[in-house]
Amino acid sequence: MKYYVLPDENAIGQAVGNLFCDLVRQKANAVLGLATGASPLPVYARMISQCEAGEVSFRDVRTFNLDEYCDLPQAHKNSYRTYMRQELFDKIDINSQNTHFLDGNCSDEFAESERFRQYVKAAGGIDLQLLGIGRNGHIGFNEPSENFTQEPFKVALTPSTIAANSIYFDDIPMPKYAMTMGVGMILRAKQIVLIATGSAKADAVKAMLEGEITPRCPASALRQHPHVVAYFDPSAAALLRK
Ligand code: GLP
C-alpha cells in the first residue's frame, strides 16, 4: 500500500479532495464510496470549494455510503444520512436521488444487504472509495472479528467504537448496531483512499501496514488491493518503522 505523510488534516483534505474532483472531471457519472466521521471533513470541504468555484460538477455522480446506524431515525441529527447532507450533499450540485445508503432500520438485514449489493452492481461498481480507520483498525463498521465479511451486514459495535463515537450522542444513547459494507465489498472498489489523522490512530495505522493480514485488524485487508493509497498526518504515522 502506497502512503503519504502530509503536515496536517488540511493538506490531506486538499490532496484527497483533489483526487475525487479529478476523477469526477474525467468521469462525470463516477461512482463514489463515501465515509463519515471527522477524518473526511476536510476532503468534503475541498470538494465543496471546487464545486462552488465552478471547477467541478457532481450533477451526474452516484454515491454509496459505507455504513449507517441501526435503530436511529433517518432524520436524527446523528444519522449518517444527516451527516452527509450537512457536510456535503446540501453544499454541492449532486442529485439527492443518486445518493445511496444502507437502511439501518430495515426489517430484514439480508434482504437489505442484497438490495444494496445489487444497486452497487447496477451502478457499475465503486470507482473510488474513501475510508477512515477506527482506533481498533475497523473500516466502515467492520469490527475486529474471526472472518472478513464479504457483503453488507448488520454488526454489533465494539466498546472501543461506542466509546469513540458516543461523544456525538448528547440526547439518546449511541446505537449498539450498524449496517456496513463488508470488507469484501470495500475491496471490490477500483481505487481506495484511506485517511488517518491524530495519535489515537497510530496503533491502528501500524497494525494495518506492519501487522499480519487478519480480520482482527480489518484494515489490514487493504494490503491485498492493488490500488490503495493512504494519507497520514505525522501523529498517525508516528509508530511506522519508516
Ligand atoms: C466510524 C465510522 C468509520 C470511520 C471511523 C473513524 O466508526 N463508521 O467509517 O472511519 O468512525 O472516524 P473518525 O474519522 O471520526 O476518527
Side-chain angles (χ1 to χ4, degrees), residues 1 3 33-40 64-72 78-80 101-117 120-121 125-126 129-169 173-189 192-196 198 200-226 228 230 232 236 239-240:
M1 184 193 306
Y3 71 84
L34 299 180
T36 51
S39 308
F64 290 90
N65 261 75
L66 276 171
D67 46 16
E68 179 58 284
Y69 289 115
C70 294
D71 310 315
L72 188 67
N78 291 116
S79 78
Y80 285 164
F101 292 83
L102 282 156
D103 180 1
N105 296 312
C106 61
S107 53
D108 180 343
E109 67 208 66
F110 301 104
E112 175 58 9
S113 170
E114 183 58 13
R115 181 194 70 83
F116 194 79
R117 191 181 77 81
V120 173
K121 193 173 163 198
I126 291 170
Q129 175 67 56
L130 180 60
L131 294 177
I133 184 170
R135 296 173 195 193
N136 59 7
H138 75 241
I139 48 175
F141 268 135
N142 289 268
E143 298 282 31
S145 73
E146 296 306 317
N147 304 99
F148 289 122
T149 306
Q150 294 301 309
E151 303 308 334
F153 69 109
K154 182 173 180 175
V155 60
L157 302 175
T158 62
S160 149
T161 299
I162 291 171
N165 291 301
S166 284
I167 53 164
Y168 299 114
F169 286 84
M174 183 178 144
K176 305 288 182 285
Y177 292 87
M179 290 288 294
T180 182
M181 288 187 196
V183 169
M185 175 175 264
I186 293 170
L187 291 181
R188 289 201 295 273
I192 298 173
V193 56
L194 180 142
I195 297 173
K201 303 293 174 67
D203 285 319
V205 165
K206 186 173 178 62
M208 169 175 71
L209 287 174
E210 298 178 0
E212 66 173 305
I213 296 179
T214 166
R216 298 238 142 252
C217 176
S220 65
L222 298 171
R223 280 161 41 208
Q224 298 169 325
H225 191 290
V228 182
F232 307 133
L239 300 180
L240 293 177

Checklist entry - Using 30° and 60° as the class limits, which term best fits the ring planes of Phe141 and Tyr80: parallel, tilted or perpendicular? => result parallel
Checklist entry - Could you walk me through whether Met179 and Asp103 pass the side chain to side chain contact (heavy atoms under 4.5 Å, CB included) check? => result CA-CA 7 Å; Met179 290 288 294; Asp103 180 1; over 6 Å; no
Item to check | OH/Tyr3: more than 12 non-hydrogen atoms of other groups inside 6.0 Å | outcome: yes
Checklist entry - Looking at side-chain heavy atoms only, is the closest gap between Phe153 and Thr180 below 4.5 Å? => result yes
Checklist entry - If we only count heavy atoms from C-beta on, is the Ile139 to Met208 side-chain gap below 4.5 Å? => result no
Item to check | Residues Ser39, Lys201; criterion side chain to side chain contact (heavy atoms under 4.5 Å, CB included); working and verdict | outcome: CA-CA 11 Å; Ser39 308; Lys201 303 293 174 67; 4.0 Å; yes
Next on the checklist: For Phe64 and Leu102: C-alpha separation, side-chain torsions, deciding distance, then whether side chain to side chain contact (heavy atoms under 4.5 Å, CB included) applies.
Outcome noted: CA-CA 8 Å; Phe64 290 90; Leu102 282 156; over 6 Å; no
Item to check | Minimum heavy-atom distance Met181-Asn65, with the two atoms named | outcome: CE-O, 3.7 Å
Item to check | Contact check, side chains of Ser79 and Glu68, non-hydrogen atoms, under 4.5 Å | outcome: yes
Checklist outcome for this item: Of all heavy-atom pairs linking Ile162 and Met174, the shortest is O-SD, 3.6 Å
Checklist entry - Can you tell if the side chain of Tyr69 reaches within under 4.5 Å of the side chain of Thr36, non-hydrogen atoms only? => result no
Checklist outcome for this item: The reported gap from OG1 in Thr214 to CG in Asn147 (rounded to nearest 0.5 angstrom) is 10.0 Å
Checklist entry - How close do Glu143 and Thr158 get, heavy atom to heavy atom, and via which atoms? => result OE2-N, 2.9 Å
Item to check | Separation of Ile126 CD1 from Leu66 CG (nearest 0.5 Å) | outcome: 7.5 Å
Checklist entry - So do the side chains of Ile133 and Leu131 get within less than 4.5 Å of each other, counting heavy atoms only? => result no
Checklist entry - Is there side-chain contact between Leu222 and Leu187, with heavy atoms separated by less than 4.5 Å? => result yes
Next on the checklist: For Glu151 versus Ser113, what's the shortest heavy-atom pair and its separation?
Outcome noted: CB-OG, 3.8 Å
Item to check | Exam field: side chain His225 to backbone Ala189, donor-acceptor pair closer than 3.5 Å | outcome: yes
Checklist entry - Excluding sequence neighbours, so at least two apart, what forms ring pair (Phe, Tyr, Trp, His ring centres under 6.0 Å) with Tyr168? => result none
Checklist entry - Side-chain contact, heavy-atom cut-off 4.5 Å: Glu112 with Pro152? => result no
Next on the checklist: Let me confirm one number: the CZ-CD1 distance from Phe148 to Ile186, rounded to the nearest 0.5 Å.
Outcome noted: 11.0 Å
Item to check | Shortest non-hydrogen contact between Met1 and Ala230, atoms and distance | outcome: SD-CB, 3.9 Å
Item to check | Sidechain-backbone polar pair: Asn142 side chain, Pro218 backbone, donor-acceptor under 3.5 Å | outcome: no
Checklist entry - Distance-only, no hydrogens or angles: does the Lys154 side chain make a donor-acceptor pair with backbone N or O of Tyr177 under 3.5 Å? => result no
Checklist entry - Of the non-hydrogen atoms in Ser220 and Ala207, which two are nearest, and what is the gap between them? => result CB-O, 4.4 Å
Checklist entry - Within the side chain of Arg135, is there an N or O that forms a donor-acceptor pair under 3.5 Å with the backbone of Thr161? => result no
Next on the checklist: If we ignore hydrogens and angles and just use 3.5 Å, is the side chain of Asp108 paired with the main-chain N or O of Phe110 as donor and acceptor?
Outcome noted: yes
Item to check | Leu239 and Val205: CA distance, side-chain angles, deciding distance, side chain to side chain contact (heavy atoms under 4.5 Å, CB included) verdict | outcome: CA-CA 8 Å; Leu239 300 180; Val205 165; over 6 Å; no
Checklist entry - Ignoring hydrogens and geometry, is there a side-chain-to-backbone donor-acceptor pair from Asp71 to Gly104 under 3.5 Å? => result no
Checklist entry - Is Arg188 atom CZ crowded by more than 12 heavy atoms from other residues, nucleotides or ligands, each under 6.0 Å away? => result yes
Checklist entry - Is there side-chain contact between Leu130 and Ile195, with at least one heavy-atom pair below 4.5 Å? => result yes
